[in-house]
Asks: 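Please see the structure below; I have some questions.
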Amino acid sequence: MEKEEIFRVFNACQPTVAQVKEYLEKISGDSPFDLIFRKDGKEFFSKKITPNMGELVGIVVDKTIFYVQPLTFDNLKDLPMPVTTEVVFNFGKNIHVNAKPWNEYALNVFVANYHDLLCLSDKLAVFGYPSCFNQDKYLLLKNDGGHCGQYWYTHSGDVGLDGETNIAHFLGNYGNIYFYASIQ
């Protein structure tokens, strides 16, 4: 069914806002991956999504935790300058002791699960959790003390190297830097 036809049928049913909310929660309440939440200082895993579960910390995919807290352009004002890979790695340690910025391994796991992760991000938004990983370019870093990293594009699950750029330039022009940890 096309969107217009679905909306026509839906409108004919004259649902209330409460019914629409209940329906959205019903179809959005399951996650294909384990989610890590933090509430009252304790972390727990769940595949069920409900409102008020606490802070969403990460998503577990193929023995990899993708942390939802990114390094953003706004974070730059609180970081030592110039922004080097060491500064970014240290920022990751504030998220979790094992968190590090994405590298090719993390990008490959992400791309292999691209559609499910983007669908999950939409589901999480229904319950008021922040959307995550909704950008076209991702910066991959090595802890070499430099000021640059490789940035890769993703489009509909395709991936490719776009080039190399300065960390601060990437944050100001392309998106956030995300973190992961491997569970081995």
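All of these numbers come straight from a predicted model, not from anything done at the bench.
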Asks: I'd like to know if the side chain of K100 and the backbone of K142 have a donor-acceptor N/O pair within less than 3.5 Å.
Replies: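 Not confirmed, K100 side chain does not pair with K142 backbone.
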
Asks: With sequence neighbours excluded, what pairs up with P32 under the side chain to side chain contact (heavy atoms under 4.5 Å, CB included) test?
Replies: D116, L120

Asks: In the structure I gave you, are the side-chain heavy atoms of F127 and M53 within less than 4.5 Å of one another anywhere?
Replies: no

Asks: Please examine the side chains of I36 and Y67, heavy atoms only from C-beta on, and report whether any two atoms are closer than 4.5 Å.
Replies: no

Asks: First locate atom CG of N113, then atom CZ of F66, and finally report the distance between them rounded to the nearest 0.5 Å.
Replies: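 Those atoms lie 7.5 Å apart.
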
Asks: One thing to verify: whether K47 and D30 come together as a salt bridge, which I'm taking to mean a side-chain N less than 4.0 angstrom from a carboxylate O.
Replies: no

Asks: Treating Ile, Leu, Val, Met, Phe, Trp and Tyr as nodes and any side-chain heavy-atom pair under 4.5 angstrom as an edge, say whether Y114 and Y180 lie in one connected cluster.
Replies: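 Y114 clusters together with Y180.
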
Asks: Name all residues meeting the ring-ring contact (aromatic ring centres under 6.0 Å, His included) criterion together with Y138; count only those two or more places apart in sequence or in a different chain, and write none if there are none.
Replies: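 Residues passing ring-ring contact (aromatic ring centres under 6.0 Å, His included) with Y138: W102, F110.
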
Asks: For residues 68-96, pull every pair meeting salt bridge (Lys or Arg N to Asp or Glu O under 4.0 Å), keeping only residues two or more places apart or in separate chains.
Replies: none

Asks: To the closest 0.5 Å, what do you measure between CD1 (I183) and CG (D34)?
Replies: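 Rounded to the nearest 0.5 Å, the CD1-CG separation comes to 8.5 Å.
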
Asks: Taking the ring of H96 and the ring of F179, is the distance between their centroids below 6.0 Å?
Replies: no

Asks: Would Y153 and D136 satisfy side-chain contact (heavy atoms from CB on, under 4.5 Å), going step by step from the backbone distance to the final call?
Replies: CA-CA 5 Å; Y153 72 85; D136 294 327; 5.6 Å; no

Asks: So, do V88 and I177 sit near enough that their side-chain heavy atoms are less than 4.5 Å apart?
Replies: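 The answer is yes, as the side chains (C-beta and beyond) meet within the 4.5 Å cut-off.
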
Asks: Which residues satisfy the salt bridge (Lys or Arg N to Asp or Glu O under 4.0 Å) test with E43, sequence neighbours excluded?
Replies: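 Per chain and number, E43 pairs via salt bridge (Lys or Arg N to Asp or Glu O under 4.0 Å) with R38.
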
Asks: Should W152 and E104 count as side-chain neighbours, where that means a heavy-atom distance under 4.5 Å?
Replies: yes

Asks: Kindly indicate whether the side chain of V83, heavy atoms from C-beta on, has any atom under 4.5 Å from the side chain of L76.
Replies: yes

Asks: Compare all side-chain heavy atoms of Y178 with those of P101 and state whether any distance is below 4.5 angstrom.
Replies: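 Of all side-chain heavy-atom pairs linking P101 with Y178, none is under 4.5 Å.
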
Asks: How would you list, by chain and number, every residue that makes a ring-ring contact (aromatic ring centres under 6.0 Å, His included) with Y129, sequence neighbours excluded?
Replies: F37

Asks: Determine whether a donor-acceptor pair (N or O, by modelled atom type, separation under 3.5 Å) exists between the side chain of D40 and the backbone of K42.
Replies: no

Asks: Under a 4.5 Å cut-off applied to non-hydrogen side-chain atoms, are S182 and Y105 in contact?
Replies: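 The answer is yes, as the side chains (C-beta and beyond) meet within the 4.5 Å cut-off.
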
Asks: To the nearest 0.5 Å, what is the distance between CG (L56) and CG (L124)?
Replies: 5.5 Å

Asks: Can you list everything that forms a salt bridge (Lys or Arg N to Asp or Glu O under 4.0 Å) with K137? Sequence neighbours excluded, please.
Replies: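 K137 satisfies salt bridge (Lys or Arg N to Asp or Glu O under 4.0 Å) with D162 only.
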
Asks: Closer than 3.5 angstrom, by distance alone: can the side chain of N103 be matched with the main-chain N or O of A106 as a donor-acceptor pair?
Replies: yes

Asks: Does any N or O in the side chain of T85 come within less than 3.5 Å of the main-chain N or O of L141, such that one atom is a donor and the other an acceptor?
Replies: no

Asks: Heavy-atom distance under 4.5 Å between the side chains of F91 and N75, does that happen here?
Replies: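 F91 reaches N75 side chain to side chain.
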
Asks: State, without any angle test, whether N176 and T72 hold a side-chain donor-acceptor pair at a distance under 3.5 Å.
Replies: no

